[in-house]
Participant: 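Structure below; questions to follow.
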Amino acid sequence: MVVGDISTGTEVLVIGAGPGGYVAAIRAGQLGLDVTLVEKDAYGGTCLNYGCIPSKAMITASDLAYDASHAEDMGIYTKLDVNYGEMVEWKDGVVSQLTGGVEKLCKANGVTLMEGRAEFADENSVRVVHEGEGQGSETVEFEQAIISTGSRPIEIPGFEFDGEHVLDSRQALAMEDVPESIVIVGAGYIGMELAGVLAKLGSDVTVVEMLDSVLPAYEDDLARPVKKKADELGIDFHFGQAAKEWEESGDGITVMTEDEDGEVSEFGAEKVLVAVGRQPVTDTLNLEDAGIETDEMGFIETDDRARTEKDHIYAIGDVAGEPMLAHKASKEGQVAAEVIAGEPSALDYQAMPAAVFTDPEIGTVGLTEDEAEEQGFEPVVGRFPFQASGRALTTGHSEGFVRIVADEPSGFVLGAQIVGPEASELVAELGLAIEMGATLEDVAATVHTHPTLSEAVMECAENALGHAIHTLNR
Ligand SMILES: Cc1cc2nc3c(=O)[nH]c(=O)nc-3n(C[C@H](O)[C@H](O)[C@H](O)COP(=O)(O)OP(=O)(O)OC[C@H]3O[C@@H](n4cnc5c(N)ncnc54)[C@H](O)[C@@H]3O)c2cc1C
C-alpha cells in the first residue's frame with residue numbers, strides 16, 4: 001500500500017508541538033477529546049529545542065563562569081577554565097530531558113503523536129507530508145484544528161543564514177566553540193541575552209542596532225542597567241546602524257552597516273549573528289485551502305477565544321501575534337482546548353508577564369505609568385532600589401529597582417517593572433496581585449520572608465503608600 005492512501009480521522013488536530021501546541025494537545029486530552037498532534041521537527045518546538053531553554057542554560061553556565069572569576073571582593077580567586085564542548089553537552093542534556101518529558105506527557109494524556117509536516121487540503125482535512133525516509137503523505141480529517149506552527153527568525157537582505165559565517169539564534173546556540181569575535185545585529189532581547197553569554201565566555205562582541213538604544217521595547221530606565229553592565233563586559237555598541245552586507249575577509253568576515261546619512265561603517269569578526277526579530281510560520285500551511293487569511297505580516301487574527309475566522313479552526317502562540325512568548329502560547333493553547341471542549345474560557349492579557357534574562361534581568365507585567373495614564377487611571381508609583389535590599393547586597397547583585405504602578409484612588413495594582421537580580425521570578429508575585437485585583441495595601445500587608453529579594457516588592461508597595469521603612473518616601 002502507498003503511504004498516501006492512508007486516511008485517518010481525529011476530533012482535534014493540533015499542528016505544531018511547541019509550548020502552544022503540546023499544551024493545547026495535553027489539555028484537550030485531559031478533557032476527554034480525541035487528539036492528534038503533528039510535529040515536523042522536534043517536540044517542544046522553538047522554546048525547548050532552540051529558544052528559551054538552551055539560551056537560559058547557556059546564561060546560567062556563563063554567569064557561573066563569569067561570577068566565579070569576578071569574586072575577588074568576596075575573597076575568591078579563580079583561574080577560569082571553560083570547556084565549551086562540555087558546557088554545550090550539559091545544555092543539550094537539559095533540552096533532551098525536557099523534550100522527552102513532553103512526548104511522555106502527551107502519550108500519558110492519550111494524545112496521538114504523528115511526525116510530518118501538515119498542510120491544509122480543505123477546511124476539514126490536512127495532508128501530513130513525511131519528509132526524508134519513508135516519504136509520502138497521509139490525509140487526516142479533523143472536526144476542529146489548532147494551528148500552532150510558531151515562528152522563525154527574520155532574514156535580512158544580504159545576510160542569508162549559512163550556519164557558518166551568518167548565524168540565526170538557533171545556530172548561535174549550537175556553535176561548537178566560542179568565536180573569538182562576533183557581530184550581533186539587533187539589540188532586542190535575543191541579541192542582548194546572547195551578547196551577554198558570549199562576552200562572559202570571552203568573545204569579543206560588537207552589537208549593531210538600527211534604533212538608538214538597547215532593548216528598545218522597554219522603558220529607558222529598565223534598559224539602562226543592562227547597557228551599563230554590557231559596557232562593563234566590554235560589549236561594543238553602535239546605534240543608528242543598519243546592516244547592509246558582509247564579505248569574507250582573511251579567516252573571518254567584514255560586516256558593512258550604514259547610518260541614516262548613508263555613511264558606511266565596517267566591523268570585522270569571525271561570525272555575525274542576526275537577531276532582528278521573528279516572523280510567524282504561516283506560509284507553508286496552505287491556509288487559503290482552509291479559507292483563512294493572514295495579515296500583511298503573516299499573523300493569523302483570532303478572537304478572545306483563540307478562534308480564527310473559521311469557527312472550528314483556532315490559532316495560538318507566535319502565529320497569533322505578539323507578544324511572541326512561550327507562556328502566552330501555552331495559555332492560549334489551554335484556552336483553545338477548553339473552548340473546544342465547551343468550557344467558558346477566554347483570553348485575558350491584562351497580567352501577561354515578560355522577562356528578559358540579561359544581566360541584570362528585566363521583568364514586567366501589566367501597565368507602565370504612561371499606559372496607565374493613557375487608559376484614564378490616576379497612577380501612583382512606588383520605587384525600591386535593590387541597593388537598599390539586604391538580600392541583594394549579600395548576593396553581590398544589587399543593581400536595579402522594583403517599580404509598582406497602581407491606581408491612586410482605588411489602590412489597585414496595575415503594573416510592575418523590575419530590573420535587577422531575579423526580576424524574572426519577582427514579577428510573578430505582582431502578576432498574581434493584578435490577576436486577583438489586589439491593592440497596594442494587600443501587597444504591603446503581606447509579610448515577606450527576611451532576608452529575601454521579594455521584600456523589595458513589599459517595600460515598593462509601602463513606598464507607593466508613603467510609608468516604606470528602608471527607603472525615603474515620596
Ligand atoms: C533564542 C530564543 C530565546 C527565547 N527565550 C524565551 C524566553 O526566555 N521566554 C519566552 O517566553 N519565550 C522565549 N522565546 C520565544 C519562544 O520560544 C516562543 O514564543 C515559543 O516557542 C512560541 O511557541 P509556539 O508553540 O507558538 O511555537 P514554536 O515553539 O515555534 O513551535 C512551533 C512548532 O511547530 C512546528 N511546525 C511548524 N510548521 C509545521 C507544520 N506545517 N506541520 C507540523 N509542524 C509544524 C515546528 O517545527 C515547531 O516545533 C525565545 C525564542 C528564541 C528564538
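As the structure lists them, so they are numbered: ligands from 1, and atoms in each ligand from 1. For the numbers below, each heavy atom of this structure counts, side chains included, while hydrogens, waters and symmetry mates do not.
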Participant: Counting only heavy atoms, tell me which of G45, A326, G116 gets closest to atom 12 (N) of ligand 1.
Facilitator: A326
Participant: Taking atom 32 (C) of ligand 1 as the point of reference, which of A42, S148, C52, P353 owns the nearest heavy atom?
Facilitator: S148
Participant: With no hydrogens and no angle check, just 3.5 Å: does a side-chain donor-acceptor pair link D304 and Y349?
Facilitator: no
Participant: Please determine, by modelled atom types, if R27 and Q334 share a side-chain donor-acceptor pair under 3.5 angstrom.
Facilitator: no
Participant: So which of V14, T149, D41, V23 gets nearest to atom 37 (C) of ligand 1, if we judge by its closest heavy atom?
Facilitator: T149
Participant: I want to know if ligand 1 touches L325 in the polar sense, i.e. an N/O pair below 3.5 angstrom.
Facilitator: yes
Participant: Taking heavy atoms and a distance under 4.0 Å, where does P54 meet ligand 1: side chain, backbone, both or neither?
Facilitator: neither
Participant: Using the ring-ring contact (aromatic ring centres under 6.0 Å, His included) criterion, which residues pair with H238? Sequence neighbours excluded.
Facilitator: F267
Participant: Just to check, does R278 reach to within less than 4.0 Å of ligand 1 when the distance is taken from its heavy atoms?
Facilitator: yes
Participant: List every atom of ligand 1 that sits less than 4.0 Å from any heavy atom of S169, numbering the atoms from 1 in the order shown and giving each element.
Facilitator: 1 (C), 53 (C)
Participant: Could you establish whether Y189 and ligand 1 come within less than 4.0 Å of each other, counting only heavy atoms on the residue side?
Facilitator: yes
Participant: Nearest protein heavy-atom contact for atom 19 (O) of ligand 1: which residue, which atom, what distance?
Facilitator: D318 OD1, 2.9 Å
Participant: Give the residue and atom name of whichever protein heavy atom lies nearest to atom 34 (O) of ligand 1, and the separation in Å to one decimal.
Facilitator: G16 CA, 3.2 Å
Participant: Please could you name the atoms of ligand 1 that C47 approaches to less than 4.0 Å, counting only its heavy atoms?
Facilitator: 17 (O), 21 (O), 29 (O)
Participant: Any idea which protein heavy atom is nearest atom 3 (C) of ligand 1, and the distance to it?
Facilitator: G51 C, 3.4 Å
Participant: Checking K271 side chain against E164 main chain: does a donor-acceptor pair fall under 3.5 Å?
Facilitator: yes
Participant: For residues T10 and T36, is any side-chain donor paired with an opposing acceptor at under 3.5 Å?
Facilitator: yes
Participant: Which is it for S55 and ligand 1 at heavy atoms under 4.0 Å: side chain, backbone, both or neither?
Facilitator: side chain
Participant: Please list the nearest protein heavy atom to atom 27 (O) of ligand 1 with its residue and the distance rounded to 0.1 Å.
Facilitator: G150 CA, 3.1 Å
Participant: Short list, please: which atoms of ligand 1 are under 4.0 Å from a heavy atom of M324?
Facilitator: 15 (C), 19 (O)
Participant: Out of curiosity, I292 CD1 to D289 CG, how far, rounded to the nearest 0.5 Å?
Facilitator: 11.0 Å
Participant: Whether R127 and E138 form a salt bridge (side-chain N of Lys/Arg under 4.0 Å from carboxylate O of Asp/Glu) is what I want to check.
Facilitator: no
Participant: Counting distance only, does the side-chain N/O of N109 pair as donor-acceptor with the main-chain N or O of G29 below 3.5 Å?
Facilitator: no
Participant: Taking only residues two or more places apart in sequence or in another chain, which ones pass ring-ring contact (aromatic ring centres under 6.0 Å, His included) with F239?
Facilitator: F237
Participant: For ligand 1, note which part of T46 has a heavy atom under 4.0 Å away: side chain, backbone, both or neither.
Facilitator: both
Participant: In ligand 1, which numbered atoms sit nearer than 4.0 Å to a non-hydrogen atom of P19?
Facilitator: 20 (C), 21 (O), 23 (O), 25 (O), 29 (O)
Participant: What residue and heavy atom of the protein are closest to atom 31 (O) of ligand 1, and at what distance?
Facilitator: G18 CA, 3.4 Å
Participant: For residues D122 and S125, is any side-chain donor paired with an opposing acceptor at under 3.5 Å?
Facilitator: yes
Participant: For residues S151 and D318, is any side-chain donor paired with an opposing acceptor at under 3.5 Å?
Facilitator: yes
Participant: Is the closest heavy-atom distance from T284 to ligand 1 below 4.0 Å?
Facilitator: no
Participant: For ligand 1, which atoms, with element, lie under 4.0 Å from some heavy atom of A329?
Facilitator: 23 (O), 26 (O)
Participant: Does any donor atom in the side chain of E361 or S424 lie under 3.5 Å from an acceptor atom in the other side chain?
Facilitator: yes
Participant: Only heavy atoms of V38, strictly under 4.0 Å: list the atoms of ligand 1 that pass.
Facilitator: 43 (C), 44 (N)
Participant: Can you name the nearest heavy-atom pair linking L222 to I362, along with the distance?
Facilitator: O-CD1, 3.5 Å
Participant: For atom 40 (C) of ligand 1, which candidate among A118, S151, P153, A275 provides the closest heavy atom?
Facilitator: A118
Participant: For H165 and W246, take the angle between the two ring planes, folded into 0 to 90°, and tell me which bin it lands in: parallel under 30, tilted 30 to 60, perpendicular over 60.
Facilitator: tilted
Participant: Which residue from K40, E39, R117, M114 reaches closest to atom 35 (C) of ligand 1 through any of its heavy atoms?
Facilitator: E39
Participant: Can you sort out which atoms of ligand 1 are near K56, meaning under 4.0 Å from one of its heavy atoms?
Facilitator: 5 (N), 6 (C), 7 (C), 8 (O)
Participant: Would you sort out whether E89 and Y84 count as a side chain to side chain donor-acceptor pair (under 3.5 Å), showing the intermediate values?
Facilitator: CA-CA 9 Å; E89 239 173 70; Y84 190 71; over 6 Å; no
Participant: Considering the heavy atoms of G20, write down every atom of ligand 1 situated less than 4.0 Å from one of them.
Facilitator: 25 (O)
